[in-house]
> 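Have a look at this one.
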Amino acid sequence: MGIRNENTGLEHEQYTPDFADYWDHLVGWENREEGEGGFYERLLAASNCETVADVACGTGYHAITLAKNGFKVTASDGSDNMVRKTEENAKQVGVDLESTKTVDWVKLSKDLGENTFDAVLCLGNSFTHLFEHEARRDALEEMFKVVKPGGMVVIDHRNYDSMLEHGYSSKHNYYYSGKGVDAYPAELNRYLARFEYVFPDGAKFQLKMYPLRQDYVSHLLEDAGFINVVRYGDFEKPYDRDEVDFIQQVAYKP
Ligand code: SAM
């Protein structure tokens with residue numbers, strides 16, 4: 001676990017087959033659906049989005065839920081293991097995805113096409129896996145390219161501001177709501193959040209993350225060319241900056 005590719009600086013190599021198998025226990029799809037309360041469906045419908053690319057699909061929760069709700073969803077991820085899991089899960093629940101593909105964010109426009117989607121989603125604290133400013137800038141530029149003019153991007157990340165300023169506490173309401181799964185930062189500073197996940201059977205994993213500040217992500221979105229950045233906290237607006245666990249940043253391509 002936690003092996004970083006020194007050539008690319010990317011962190012998705014952390015998602016081993018083992019971790020992918022445990023991931024769904026960690027995520028707790030039903031709790032997640034309850035916690036999100038149809039937020040993404042409403043957001044996408046409000047902007048008349050039909051075609052959606054979930055570019056960090058993981059095991060497929062959002063891709064599959066959105067496809068179930070009538071959106072045309074392409075699911076991609078940098079990890080082959082995760083894409084295979086998404087395919088298995090889609091098959092299991094009888095949902096058709098438009099396509100599934102293993103794609104690193106740096107190759108999004110080449111592999112998914114330019115001006116292709118009404119919305120690009122990068123959810124579940126995925127963007128945190130990039131450790132260099134330049135890699136984050138390049139990834140957002142790629143996301144910008146694949147969105148149609150007038151379309152939107154959504155980045156969802158942990159509320160690291162509150163963790164860095166006040167220490168870690170989580171209501172565990174949203175993403176890491178698997179029963180009996182303990183998720184906590186074993187190491188936390190301005191440059192690194194190393195989270196440990198302990199499963200009820202004693203299995204232990206760790207993921208290294210970059211603690212993204214909210215304002216920084218908004219500025220990155222604007223630097224990539226997106227406009228009208230709107231932020232939600234735990235799917236609501238306005239929100240208490242210190243209290244919420246996750247931040248959803250929504251921005252538009254002019
Ligand atoms: N969105 C899913 C969810 O909410 O359940 C998965 C979240 S998981 C925390 C992060 C995902 O981001 C992993 O599946 C990982 O493979 C993917 N990822 C990390 N870096 C990536 C990159 N550079 N390109 C594409 N995917 C990447």
Side-chain angles (χ1 to χ4, degrees), residues 1-5 7-33 35-36 39-40 52-66 73-90 97 100-112 119-132 134-143 146 153-158 160 174-178 181 183 185 193-197 205-210 212 235 245-248:
M1 281 302 301
I3 300 161
R4 182 152 179 252
N5 182 330
N7 298 321
T8 62
L10 301 178
E11 285 286 323
H12 59 264
E13 290 82 358
Q14 293 185 114
Y15 293 90
T16 61
D18 242 13
F19 191 76
D21 280 339
Y22 275 89
W23 187 252
D24 284 337
H25 298 286
L26 172 68
V27 170
W29 283 26
E30 278 157 29
N31 292 343
R32 229 173 142 167
E33 210 161 344
E36 291 187 2
F39 172 80
Y40 292 110
V52 178
D54 180 355
V55 298
C57 65
T59 57
Y61 167 71
H62 287 106
I64 291 167
T65 308
L66 291 171
V73 185
T74 292
S76 70
D77 197 285
S79 157
D80 215 32
N81 295 321
M82 288 303 199
V83 176
R84 297 291 88 81
K85 274 276 149 194
T86 291
E87 288 166 351
E88 273 172 36
N89 285 334
L97 297 169
T100 54
K101 226 171 186 180
T102 304
V103 188
D104 194 287
W105 298 325
V106 288
K107 292 192 180 150
L108 277 178
S109 63
K110 188 170 157 275
D111 288 4
L112 299 185
V120 168
L121 310 179
C122 182
L123 308 179
N125 204 33
S126 298
F127 199 61
T128 192
H129 293 301
L130 297 179
F131 275 80
E132 273 95 38
E134 291 73 19
R136 291 186 280 269
R137 183 200 60 199
D138 294 350
L140 283 186
E141 278 175 7
E142 283 298 301
M143 291 182 202
V146 301
V153 67
V154 188
I155 305 275
D156 161 85
H157 59 89
R158 272 190 183 274
Y160 292 108
Y174 299 106
Y175 292 128
Y176 302 105
S177 48
V181 183
R194 184 167 57 82
F195 263 75
E196 278 185 1
Y197 303 91
F205 298 90
Q206 62 168 8
L207 293 181
K208 289 184 191 162
M209 304 164 184
Y210 179 80
L212 295 161
F235 314 109
D245 283 345
F246 284 85
I247 308 293
Q248 294 76 41

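Treat the numbers as computed from the prediction; the structure is a model and nothing was measured. Just follow the structure's listing: the first ligand is 1, and inside any ligand the first atom is 1.
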> Short list, please: which atoms of ligand 1 are under 4.0 Å from a heavy atom of Gly124?
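Heavy-atom distances to Gly124 below 4.0 Å select 4 (O), 7 (C), 9 (C).
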> Under 4.0 Å, heavy atoms only, figure out whether ligand 1 is touched by the backbone of Thr59, its side chain, both or neither.
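Within the 4.0 Å criterion, Thr59 makes no contact with ligand 1.
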> Regarding Asp54 and Tyr40, is there a side-chain donor-to-acceptor distance under 3.5 Å anywhere?
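Note: Asp54 and Tyr40 side chains miss the donor-acceptor criterion.
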> Test your reading of the structure: does Asn125 have an N or O sitting under 3.5 Å from an N or O of ligand 1?
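No, no N or O pair falls under 3.5 Å.
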> Taking only heavy atoms of Ser79, which atoms of ligand 1 are found under 4.0 Å from at least one of them?
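Ligand 1 atoms under the 4.0 Å threshold to Ser79: 16 (O).
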> Keeping Lys101 on the side-chain end and Asp111 on the backbone end, is there a donor-acceptor pair under 3.5 Å?
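Here the side-chain-to-backbone pair exists.
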> Should you measure from each heavy atom of Ala56, which atoms of ligand 1 turn up under 4.0 Å away?
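Close to Ala56: 1 (N), 2 (C), 6 (C), 12 (O).
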> For the 3.5 Å polar cut-off, considering only N or O atoms, please tell me whether Tyr61 and ligand 1 meet it.
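No, no N or O pair falls under 3.5 Å.
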> side-chain hydrogen bond (donor to acceptor under 3.5 Å, both in side chains) with Arg84: which residues, sequence neighbours excluded?
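Result, side-chain hydrogen bond (donor to acceptor under 3.5 Å, both in side chains) vs Arg84: Asp80, Glu87.
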> N/O of Gly78 under 3.5 Å from N/O of ligand 1, yes or no?
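Yes.
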> Taking heavy atoms and a distance under 4.0 Å, where does Cys57 meet ligand 1: side chain, backbone, both or neither?
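Answer for Cys57: backbone.
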> Can you find an N/O atom of Met82 closer than 3.5 Å to an N/O atom of ligand 1?
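Among all N and O atoms of Met82, none is under 3.5 Å from an N or O of ligand 1.
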> For Tyr210 together with His129, are the ring centres under 6.0 Å from each other?
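Between Tyr210 and His129, which both carry aromatic rings, the centre distance is not below 6.0 Å.
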> So is Arg32 polar-close to ligand 1, meaning N/O to N/O under 3.5 Å?
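For ligand 1, there is an N or O atom that lies under 3.5 Å from one belonging to Arg32.
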> Kindly determine whether Glu134 and Arg136 satisfy salt bridge (charged side-chain N to carboxylate O under 4.0 Å, His left out), including the steps that lead there.
CA-CA 5 Å; Glu134 291 73 19; Arg136 291 186 280 269; over 6 Å; no
> May I ask you to check whether Gln248 and His157 show a side-chain donor-acceptor distance below 3.5 Å?
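On atom types as modelled, these side chains do not qualify, holding no pair under 3.5 Å.
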> When you measure from the side chain of Thr65 to the backbone N and O of Tyr61, does any donor-acceptor pair fall under 3.5 Å?
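Answer holds: yes.
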